[in-house]
A.B. asks: 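What follows is a structure written as structure tokens; I'll ask about it next.
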Amino acid sequence: LAGNLCAFVLFVSPIPTFRRIIRNQSTEQFSGLPYIYSLLNCLICLWYGMPFISPNIILVATVNSIGAVFQFIYIAIFIAYADKSKKLKMSVLLVLVFALFAGIAFVSLRFLDSHTRQLFIGYLSVFSLISMFASPLFIINLVVKTRSVEYMPFFLSLATFLMSLSFFAYGMLKGDGFISASLLMQVPNGIGTILGVVQLALYYHYSSKYDDSSREPLLAYA
């Protein structure tokens with residue numbers, strides 16, 4: 001439940017960014033790629049949490065179903081207000097995400113037994129989580145270069161840390177190697193937790209130096 005709550009906070013964190021996009025009728029220089037990565041991750045993790053893939057971890061399925069809806073809405077808004085080149089690129093990527101997910105679902109159900117299916121989807125969820133959690137690396141690099149936390153929303157960083165930590169603990173309690181940070185499968189939520197700590201530390205370090213009078217337009221991920 002704590003993981004679901006933190007994930008929900010994480011999913012609604014981009015709302016101020018999209019309010020700005022709607023208000024300005026433009027995506028400006030924002031990147032839509034993080035939302036593509038997040039949508040793919042939510043779909044794969046949703047599939048992994050289904051009872052016929054991994055019994056008794058329905059919370060994983062519920063939180064990622066909500067996340068998939070949010071990411072799809074964000075992408076739809078981004079496409080609606082993007083310029084022609086971005087609109088085409090994002091539309092193609094959106095189709096590819098759904099095509100890839102459909103292929104994964106078909107292969108896992110048609111050709112794999114229950115145990116192999118769980119391993120297959122589990123490894124894919126690991127890689128998709130890594131890609132999603134790696135997205136803030138750009139922000140971390142930008143914060144260090146600009147010595148400003150303008151580009152790193154506090155609640156997004158806090159929600160990332162709390163969600164990763166919650167599902168880390170949930171995975172350990174459930175004995176599920178793909179969600180927990182046990183053994184070889186410690187990578188996904190371990191990376192999310194570490195990056196969350198780094199972002200919060202940077203926020204604490206640079207927030208006192210940030211001056212609203214020096215605001216510049218946000219460039220990428222929010």
A.B. asks: For a quick test of reading the model, state the closest non-hydrogen atom pair linking Cys42 to Gly67 and the distance between them.
C.D. replies: SG-C, 3.7 Å
A.B. asks: Start with the C-alpha distance between Phe120 and Ile104, add both sets of side-chain angles, then the distance that settles side chain to side chain contact (heavy atoms under 4.5 Å, CB included), and finish with yes or no.
C.D. replies: CA-CA 9 Å; Phe120 174 65; Ile104 291 171; 4.1 Å; yes
A.B. asks: Nearest 0.5 Å please: distance from the CG atom of Leu46 over to the CE atom of Met50.
C.D. replies: 6.0 Å
A.B. asks: Carefully, step by step, assess Asn24 and Ser26 under the rule side-chain hydrogen bond (donor to acceptor under 3.5 Å, both in side chains).
C.D. replies: CA-CA 5 Å; Asn24 295 339; Ser26 171; over 6 Å; no
A.B. asks: For Phe18, is the CZ atom crowded, meaning more than 12 foreign heavy atoms sit under 6.0 Å from it?
C.D. replies: yes
A.B. asks: Above 12 or not: heavy atoms from other molecules or residues under 6.0 Å from OH of Tyr81?
C.D. replies: yes
A.B. asks: Are Tyr35 and Phe70 an aromatic pair by the rule of ring centers under 6.0 Å?
C.D. replies: no
A.B. asks: Please report whether the ring centroid of Phe52 lies less than 6.0 Å from that of Trp47.
C.D. replies: yes
A.B. asks: Taking NZ in Lys86 as the centre, count heavy atoms belonging to other residues, nucleotides or ligands within less than 6.0 Å. Is the count above 12?
C.D. replies: yes
A.B. asks: Working to the nearest 0.5 Å, report the span between CD1 of Ile22 and OG1 of Thr27.
C.D. replies: 12.0 Å
A.B. asks: To the nearest 0.5 Å, tell me how far Asp83 CG sits from Glu28 CD.
C.D. replies: 12.0 Å
A.B. asks: Under 4.5 Å between side-chain heavy atoms, hopping through other hydrophobics if needed: is there a path connecting Leu5 to Phe161?
C.D. replies: no
A.B. asks: Same hydrophobic cluster for Phe78 and Val69, using side-chain heavy-atom links shorter than 4.5 Å among ILVMFWY?
C.D. replies: yes
A.B. asks: For a quick check under 3.5 Å, do Ser38 and Asn41 share a side-chain donor-acceptor pair by atom type?
C.D. replies: no
A.B. asks: Going from OG on Ser108 to CZ on Arg117, what distance comes out if it is rounded to the nearest 0.5 angstrom?
C.D. replies: 6.5 Å
A.B. asks: Would you say Tyr74's side chain and Phe11's backbone share a donor-acceptor pair under 3.5 angstrom?
C.D. replies: yes
A.B. asks: Check whether more than 12 heavy atoms from other residues, nucleotides or ligands sit under 6.0 Å from atom CZ of Phe98, and answer yes or no.
C.D. replies: yes
A.B. asks: Given 3.5 Å as the limit, does a donor-acceptor pair link the side chain of Ser65 with the main chain of Thr62, or not?
C.D. replies: yes
A.B. asks: The test is side chain to side chain contact (heavy atoms under 4.5 Å, CB included); show your working for Phe8 and Val63 and say whether it passes.
C.D. replies: CA-CA 7 Å; Phe8 180 78; Val63 68; over 6 Å; no
A.B. asks: Given 3.5 Å as the limit, does a donor-acceptor pair link the side chain of Ser166 with the main chain of Leu162, or not?
C.D. replies: yes
A.B. asks: Using the rule given for side chain to side chain contact (heavy atoms under 4.5 Å, CB included), can you reason through Ile44 versus Asn64, listing the C-alpha separation, both sets of side-chain angles and the distance that settles it, and then say yes or no?
C.D. replies: CA-CA 9 Å; Ile44 294 176; Asn64 282 287; over 6 Å; no
A.B. asks: Would you please test Ser54 and Val60 for side chain to side chain contact (heavy atoms under 4.5 Å, CB included) and show each step?
C.D. replies: CA-CA 10 Å; Ser54 304; Val60 175; over 6 Å; no
A.B. asks: Could you tell me which non-hydrogen atom of Met90 sits nearest to which non-hydrogen atom of Leu33, and how far apart they are?
C.D. replies: SD-N, 4.4 Å
A.B. asks: State, to 0.1 Å, how close Phe101 and Leu43 come at their nearest heavy-atom pair, and which atoms those are.
C.D. replies: CE1-O, 3.2 Å
A.B. asks: As an exercise, state the distance from CG of Leu93 to CG of Leu100, rounded to the nearest 0.5 Å.
C.D. replies: 11.5 Å
A.B. asks: From Ile36 CD1 over to Leu40 CG, what is the distance, rounded to the nearest 0.5 angstrom?
C.D. replies: 9.0 Å
